[in-house]
Amino acid sequence: MRKWDAGRVYLILSGVATLANSAMFVALAVYYVTVVGMNPLQLVLVGTVLEAAVLLFELPTGVVADTYSRRLSVVLGMFVLGVAWLIEGSIAVFATILLAEAIRGVGYTFLSGALQAWLADEVGDELVGPTLIRASQVARVAALVGIALGAVIGSVQPNWPVLLGGALHLALGVFLVLVMPEHGFAPAPHADRNPLRAMRQTLMAGGQVVRGQPLVMSLLLATLFYGAASEGFDRLWEAFLLLDISLPGVGNLKPIVWIALVTATGSLV
């Protein structure tokens with residue numbers, strides 16, 4: 001197929017991925033607590049496995065994106081995420097959830113940095129800012145649609161939004177294979193003849209950039225502390241509402257609908 005304009009591809013990718021994630025995350029805690037039967041410790045361990053996978057694979061997958069192809073890295077990330085979500089939504093067993101979260105972490109590392117770098121390569125410095133802003137606007141609308149969709153189908157079966165999200169990520173992967181362009185990126189020299197050497201050179205160059213830029217190091221440290229501070233809240237706030245607050249019964253509204261209302265209110269604000 002003929003490749004599409006990079007800006008349009010990025011807008012579609014942002015909208016569909018945000019819709020899928022919003023639908024899943026509305027239902028995920030309900031699925032974990034009511035179907036899988038996870039306790040607070042297990043909920044936090046799920047996050048620990050995810051973050052550990054990201055920590056271990058961020059550098060190797062990032063080097064692949066910088067050495068071989070941004071497009072390849074993004075496509076792989078979409079397929080890996082799709083597989084992870086389908087596993088997670090299909091088998092309601094804690095050990096399987098941990099495995100799926102580890103796979104999901106690897107998928108995120110393929111996308112991390114590579115997607116934004118691809119966009120900058122393809123549209124140029126002058127257009128990357130406006131494109132990111134427009135994509136953020138599209139994502140906000142898609143998030144509200146995804147929240148509503150997740151609440152509706154999650155009220156029937158809590159795992160259905162997770163399966164839907166996995167299917168949408170796989171569909172995005174196929175879409176990107178067909179239409180995603182890559183004209184602004186050149187593979188690293190000797191990448192085909194000596195891939196390990198090319199990856200090592202890319203990794204060393206990245207380390208030199210970090211060490212030579214105090215601002216970059218400050219951002220890394222700030223991200224570290226922010227992640228440590230937010231992880232407990234991110235993993236437990238829905239379980240707190242479900243198990244400790246006893247969400248009020250109004251009509252036939254199920255707990256997932258209340259969580260959707262809270263999430264949608266936060267998004268609107």
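Here the structure is a predicted model, which means the values were calculated and not measured.
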Count I, L, V, M, F, W, Y as connected when their side-chain heavy atoms are under 4.5 Å apart, and connections chain through other members. Are [X] and [Y] then in the same cluster?
X	Y	value
Ile133	Val141	no
Val138	Ile12	no
Val49	Val44	yes
Leu224	Leu215	no
Val145	Leu11	no

How close do [X] and [Y] get, heavy atom to heavy atom, and via which atoms?
X	Y	answer
Ala6	Leu119	O-CD1, 4.4 Å
Ser90	Leu163	OG-CD2, 3.5 Å
Leu111	Gln116	O-OE1, 4.2 Å
Ala92	Val35	CB-CG1, 3.8 Å
Phe110	Ser73	O-OG, 2.5 Å
Ile153	Pro161	CG1-CG, 3.6 Å

When rounded to the nearest 0.5 angstrom, what is the spacing between [atom1] in [X] and [atom2] in [Y]?
X	Y	atom1	atom2	answer
Leu168	Asn21	CG	CG	9.5 Å
Leu176	Lys3	CG	NZ	9.5 Å
Leu19	Ile147	CG	CD1	10.0 Å
Leu98	Ile103	CG	CD1	11.5 Å
Leu28	Leu43	CG	CG	9.5 Å

Side-chain contact test, heavy atoms from C-beta onward, threshold under 4.5 Å: evaluate it for [X] versus [Y] and give yes or no.
X	Y	value
Ile259	Leu242	yes
Leu164	Met24	no
Val36	Val93	no
Pro181	Val9	yes
Ile256	Pro158	no
Phe94	Val46	yes
Tyr108	Val80	no
Val177	Phe79	yes

Handout entry: More than 12 heavy atoms of other groups within 6.0 Å of Phe57 CZ
Key = no
Handout entry: By salt bridge (Lys or Arg N to Asp or Glu O under 4.0 Å) - contacts of Glu101 (at least two apart)
Key = Arg104
Problem - Donor-acceptor side-chain pairing of Glu182 and Ser69 below 3.5 angstrom - result: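 Per modelled atom types, Glu182 and Ser69 side chains form a pair under 3.5 Å.
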Give every residue pair that meets the side-chain hydrogen bond (donor to acceptor under 3.5 Å, both in side chains) criterion with at least one member in [range], sequence neighbours excluded.
range	result
residues 225-242	Glu231-Arg235
residues 128-142	Arg134-Gln137
residues 117-130	Arg70-Asp121
residues 153-163	none

Practice task
Please test Phe175 against Trp4 for ring pair (Phe, Tyr, Trp, His ring centres under 6.0 Å), starting from the C-alpha separation and ending with a verdict.
Solution key: CA-CA 11 Å; Phe175 168 76; Trp4 289 14; 5.3 Å; yes
Exercise for the section: Kindly give the cluster partners of Leu55, where membership spreads through any ILVMFWY side chain lying under 4.5 Å from a current member. Expected result: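 Cluster partners of Leu55: none, it stands alone.
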Handout entry: Intermediate values then yes/no, side-chain contact (heavy atoms from CB on, under 4.5 Å), Thr96 and Glu88
Key = CA-CA 7 Å; Thr96 306; Glu88 192 150 340; over 6 Å; no
Handout entry: Step-by-step side-chain contact (heavy atoms from CB on, under 4.5 Å) determination, Leu170 to Met78
Key = CA-CA 6 Å; Leu170 291 181; Met78 285 298 168; over 6 Å; no
